[in-house]
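Some notes on the structure that comes next.
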Amino acid sequence: MDHIRNFSIIAHIDHGKSTLADRLIQATGLVEDRDFRDQILDTMDIERERGITIKSQAVTLPYVDKKGRSFELNLIDTPGHVDFSYEVSRALASCEGVLLLVDAAQGVEAQTVANAYAAMEHDLEIIPVINKIDLPSADIERVKEEIEIDLGLDSDQAILCSAKEGIGIEDVLEAIVKEIPPPSGATDGPLQALIFDAHYDPFRGTIVSCRLFAGTVRAGDRIRLMHNRAVYKVEEVGLFRLNREPKKDLSAGEVGYIISGIKTVSDVRIGDTITLDNDPAPVPLPGFKEVKPVVFASIYPVASDDYRSLADSLEKYKLNDAALVFQKDSSAALGLGFRCGFLGLLHLEIVQERLEREYDQSIIMTSPTVQYRFVLSNGEEVTVDNPVYYPDPTAIVKGMEPYIRASIMIPERYMGAVMDLCLERRGVNAQFNYPTPGRIEIRFDMPLADVIYDFYDSLKTVTQGYGSFDYELLDYRESDLVKLDILLNGERVDALSQIVFRESARPRALHACEKLKEEIPRHMFKIAVQGAIGGMVIARSTISPFRKDVTAKCYGGDITRKRKLLEKQKKGKKRMKMVGSVAIPQSAFVAVLKTDKDS
Amino acid sequence: MSPGLYVHVPFCRSKCPYCAFYSVPSAAPVPIWFEGIQKEVLLYKGRFDRFDSLYLGGGTPTFLDNRTLSGLVDHLFTHFDFAADTEFTIEANPCDLSGEKVRLLKDLGCNRINLGVQSFNEDTLSFLGRGHTGEEAREALTRLRSVGFDNVGVDLIYGLPGQALEEWLETLRCALSFQPEHISCYELTLEKGTAFGTLREKGNIRPMNEEDGRSCFLAASRLLRGAGYIHYEVSNYARTEAHCSRHNCKYWEHVPYLGLGPSAHSFDGKDRWWNVRSIRRYAGLLNTGLPPVEGRETLTEEQMRLESLALGFRTRQGVDLRFIAPDAQSMAALSRMEEAGLVNILDGRVIPTEEGFLVADQLPLYFS
């Protein structure tokens, strides 16, 4: 076990995490230079483009140190967003140490601090690495000072490197071997393997990524998932090189994969413990949590004929994303579709984008909402996660909505702006901590509905990217809730309805009317856009009609071009939803939810 | 209906900054072009029914020397079959119309002249890079009348940046004083690939705004219809039914046409093809016995339908209802259009109104 090191790289966004991972992979010769491509661990297009990691990835790097000793370095890449904070915590729980990457020019930033604290909570060895030292604006001394003061870490230990230029990579590898303790645990005890990720392979079924803390597992063993007690027979175990590499067994300290005929990713729970059926561990590893969806929205095919195809795509998508839940749904405006639950707004956006890109679906997603509860006059309590099922308002005795405890870490200078933002989002019960001089942690109780409504983006805006944010669900609290309807030419578009706090209804309605005015293209007739509560119109806007758009000339040489344009527009129209005679582009459904700050 | 014949004459005295048609500002390649045309005529000999329209367009057909022009017409009439009442149009530039040239056109059997006047305002003419004055245009019109041309069309352009409505109406009134049988009013388009298009990309010139464009369009329509003209296509007016351009109507009604010369388009009722946009390649292909065709398509039924919509909403003929699916959505759109005063439904056809013409590019979208 002495030859194993399990580590993660943690960093503020854009500090060079993927580039450093790339260099480590290259330096250890895991992949031939000619086969190399950037951000090699980010396998999905969407990860490369957004520069974020969505799924945890692991790779085992073979390394021979300066003294000639051979090591296996397990690099566990972590997702970088609050929606996936549970996955991050499970990935960190699988490590003994982390590389804390800091940009030599930018210095310690919000996520650097938050990440460092997360690593400390897991009692991990932290190796500060100052990256991008080749930049003309690099200020190593200042960054070292920040590492000392803001993080309380020994900056003498910090390694200087430039992942881009390949400087200092050897030092990083040496430090991993020297500073991070090898894993401990008995290889002959009862099996305890922590699941930190799972993904779906169309040929092999679910591939479980895990870190073994005790015992050994090999092909042919009968394993038990401790949370749901399901038992499977192990087909194959192995290590993650760039591809999977089968191995005779995996034992305590190692990071690898298990294939055991598990059909879908939903059958396993991240954070669950795998043990042997005939020699089970007495207790699972600590920290298991059932991840529940907190944000709900409906997905409809743009063309109603595509419902079957959307259903198939969701089934397939679900194989690889256990966090997504969905069930059939229907809307008067949009036809048959699915009601879906997500971990957060980013998760929702990712699902939407992947369905469109990887599964070629044209979809419309409705306004995300949280799960509300209503106590009715007959004493019944109903749960509503879809505005369509908002109860008869005369029968509502009281409404309740979920609250979260938000924890926001910021440099002091943004305190005013962040306070304003939180109060505007109905934050209450403010608490302040001062972890290091110059930094504040603000805690607020806030309605989840106001958090999913663009809070994270707003926070980033008002703190210029320095604000980090995390939250946990608290409880349900009484709230004055109304249903806001949107009408186009007098026709209610049920997919645009939202349940909102009464005092927010008017600004929300105005915002929706303005956004729809921007997003819906002009038609040949005037379109009245209205926001209403019950029968009362509280906001309106008008989309003026097309007045003139005809091309002057149309002779022999123009006709083919004209038709091709029409064919293209026809295709574009397939991505619009007709409500009455108004064509609504998909973007309108999403735009209604975004504030102006990010546009 | 009988097919039409078009011949593209890709030569001009100079390139106008707004024009996107294929032409070169030189007479040097005329011989190789003419040789090509003669060969291309032979390729299609016997392949089309008797023509009842002939249109020499360009470029500037009147820019051709007299010998080539006569030779061309001669060759066409030798090898193709034409109806006795064939509409024979030649596009002309005012500065080319000497008394001699006008007589030659008459002698060649041309019975319709389409004159590129564009404007009678000197500032507008110079902005448009035209080589003639308003006075020269007036002279050309007088000359045409004096030789006995009784079917004369006038092309006009409006919608220049900053153009006042009154200036546009003055040009129209001046045109009306000659009582032309046909008037085309084109809004200036800043097309890609033209000098104006480049200026537009650089932000140095902007198209007229929507409301002003509307005013010019509607004012022209009011004035011309008041003077008795029929607004039979978005940009075209005729003094009587008989004066509607027989040839151009074929484009809008899917009647077959053969187009000869570089960049010309042809349609035989099912296939459409278009020639290469280069005199050199055009001549080269014909020299090796190949058709000078750049591309070709066979129209599917749906493509024919889409074109019928796109073209139909531009003309007074409108769109046959059979091209519109009788589903709820289309019917709802149709009645909205009717309510909004964009179309009238008459005898199984959807006929655009003046307001309908203005949004003719939008209307097909509701039925596509």
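Side chains included, hydrogens not; waters and symmetry mates left out as well; all remaining heavy atoms used. What you are looking at is a predicted structure, and each value in this text was computed from that prediction instead of being measured.
- Residue A/Asp392 qualifies as enclosed at atom CG: its count of foreign heavy atoms under 6.0 Å is above 12.
- Chosen from A/Lys553, A/Gln569, A/Lys562, the residue pairing most often with chain B at heavy-atom distances under 4.5 Å is A/Lys553.
- For B/Ala360, the parts lying near chain A are the backbone and the side chain together; criterion is any non-hydrogen pair under 4.5 Å.
- Annotation: cation-pi pair B/Arg277/B/Tyr22 absent, no NZ/CZ under 6.0 Å from the ring centroid and within 45° of its normal.
- A/Lys316 has no carboxylate O lying under 4.0 Å from a charged side-chain N of A/Asp312, or vice versa, which leaves the two without a salt bridge.
- Between atom CG of residue B/Asn344 and atom CD1 of residue B/Ile351 there is a gap of 8.0 Å, rounded to the nearest 0.5 Å.
- For the set B/Glu307, B/His265, B/Arg214, B/Gln303, the entry with the most heavy-atom pairs within less than 4.5 Å of chain A is B/Arg214.
- Heavy-atom pairs under 4.5 Å with chain A peak, among B/Glu339, B/Glu297, B/Gln329, at B/Glu297.
- Only the side chain of B/Glu302 comes within less than 4.5 Å of a heavy atom in chain A; its backbone stays farther off.
- Proximity to chain A (any heavy atom under 4.5 Å) is shown, for B/Val359, by both the backbone and the side chain.
- Using a 4.0 Å cut-off between charged side-chain N and carboxylate O, A/Arg540 and A/Glu514 make no salt bridge.
- Salt bridge status for B/Glu210 with A/Arg547: absent, with no side-chain N to carboxylate O gap under 4.0 Å.
- Within the 4.5 angstrom heavy-atom criterion, only side-chain atoms of A/Phe525, from C-beta onward, approach chain B.
- Remark: the backbone N or O of A/Pro521 is paired with a side-chain donor or acceptor of A/His523 at under 3.5 angstrom.
- Remark: aromatic rings of B/Phe267 and B/His254 are close, center separation under 6.0 Å.
- Heavy atoms closer than 4.5 Å to chain A are found in the side chain of B/Leu311, but not in its backbone.
- Of the two parts of B/Leu342, only the side chain, counted from C-beta on, holds a non-hydrogen atom closer than 4.5 Å to a non-hydrogen atom of chain A.
- Between chain A and the residues B/Thr189, B/Leu299, B/Leu365, the most heavy-atom pairs under 4.5 angstrom are made by B/Leu365.
- With a 4.5 angstrom heavy-atom cutoff, B/Phe357 touches chain A only via backbone atoms.
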